[in-house]
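Working notes for the structure below.
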Amino acid sequence: MSIIDIHDKKFSLSIPETDIQESVKRVADQINQDLIDKDPLFICVLNGAFMFAGDLMKQINIPCEITFVKLSSYEGLYTTGKVKEVIGLNENIVGRNIVVVEDIVDTGVTMEKIIASLTAKGAKEIKIATFLQKPDALQRDITIDYVAMKIPNDFIVGYGLDYNGYGRNLKDIYTVVQE
Ligand code: 5GP
Ligand code: MG
């Protein structure tokens, strides 16, 4: 089905599962090459990145660890600009090569906060892997090392991303239909 309802909004299919899986594989191949001797610690940013992290990690074939942090900044369709840390990091990351695994970089506010926090905790090198990026929305000067897909500045759901809690389970990406 190409149009779905979530709460009060309609969403239409915009990125099918096959395209998603292809782009995730491409990012994984690049990471496997770049970080082969780096013993990376992947940090999956919950909730949104859980599905991307699951598919990505299945394609990673170098020695590595994965852990999780939980942040929250969105309410409904709009970012609040304030990033809350709901579950923090337990690992000692001093001297570690980190790969932050995110669902989407929108304004970049969240990623800037994550980078500052990991730097303060003593990370050696921090790479960013995001499933989606909205280049037109970026407001912060950050380098994103791996981007699976770039998308326009519209609100999307699916593949881990939600609208007020719903839609995370969808295996495709859907874009809000503007009325
Ligand atoms: P930023 O701090 O870069 O503005 O926002 C990052 C966070 O906002 C993402 O990790 C994601 O959780 C959320 N976000 C940004 N754009 C969208 C979107 O189009 N749909 C959904 N569901 N979440 C989004
Ligand atoms: Mg996120």
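Counting convention: from 1, in listed order, for ligands and their atoms alike.
Closest heavy-atom approach to atom 20 (N) of ligand 1 within the set Leu46, Ile156, Leu161: this belongs to Ile156.
Salt bridge Lys25/Asp29: present, at least one basic N to carboxylate O contact under 4.0 Å.
Looking only at distances, no side-chain donor or acceptor of Arg168 sits under 3.5 Å from a matching main-chain atom of Tyr159. Listed for the Asn97 side chain is a donor-acceptor partner under 3.5 Å among the backbone atoms of Lys38. Judged by distance alone, with hydrogens and angles left aside, the side-chain atoms of Thr119 form a donor-acceptor pair with the main-chain N or O of Ile115 at under 3.5 Å. Checking side-chain atoms of Asp145 against main-chain N and O of Ile128 turns up a donor-acceptor pair under 3.5 Å. Judged by distance alone, the side chain of Arg140 and the main-chain N or O of Gly108 form no donor-acceptor pair under 3.5 Å.
Using a 4.0 Å cut-off to heavy atoms of Val109, the atoms of ligand 1 that qualify are 2 (O), 3 (O). Shown in contact with Gly108 at under 4.0 Å from a heavy atom are these atoms of ligand 1, numbered in order with element: 1 (P), 3 (O), 4 (O). Interface atoms of ligand 1 facing Phe155, defined by a heavy-atom separation under 4.0 Å, are 18 (C), 19 (O), 20 (N), 21 (C), 22 (N). Annotation for ligand 1: atoms under 4.0 Å from non-hydrogen atoms of Asp162 are 21 (C), 22 (N). Taking a cut-off of under 4.0 Å to the non-hydrogen atoms of Thr110, the atoms of ligand 1 that pass are 1 (P), 2 (O), 5 (O), 6 (C). The ligand atoms of ligand 1 that sit less than 4.0 angstrom from a heavy atom of Glu102 are 10 (O). Heavy-atom contacts of Thr107 reach the following atoms of ligand 1: 1 (P), 2 (O), 3 (O), 4 (O) (cutoff under 4.0 Å).
Using a 4.0 Å cut-off between heavy atoms, Met111 makes no contact with ligand 1 at all. The backbone of Asp154, and not its side chain, has at least one atom closer than 4.0 Å to an atom of ligand 1 (non-hydrogen atoms only; backbone = N, CA, C, O).
Counting only N and O atoms by type, the side chains of Gln21 and Asp55 include a donor and acceptor under 3.5 Å apart. Side-chain contact check for Thr67 and Glu91: at least one donor-acceptor pair (N or O, by modelled atom type) lies under 3.5 Å.
A distance of 9.0 Å separates CD1 in Ile3 from CG in Leu13, rounded to the nearest 0.5 Å. Taking CE of Met149 as the start and CD1 of Ile20 as the end, the distance is 6.5 Å to the nearest 0.5 Å.
Sorted by chain and number, the protein atoms of type N, O or S within less than 2.8 Å of the Mg ion (ligand 2) are Glu102 OE1, Asp103 OD1.
Here the two rings, on Phe131 and Phe52, have centers that are under 6.0 Å apart.
Taking a 4.0 Å cut-off on heavy atoms, Val157 fails to register as neighbouring ligand 1. Using a non-hydrogen distance threshold of 4.0 Å, Lys113 does not register as a contact of ligand 1.
Residues passing the side-chain contact (heavy atoms from CB on, under 4.5 Å) test with Glu22, sequence neighbours excluded: none.
In terms of polar-atom proximity, defined here as any N/O pair under 3.5 Å, Lys134 does make such a contact with ligand 1.
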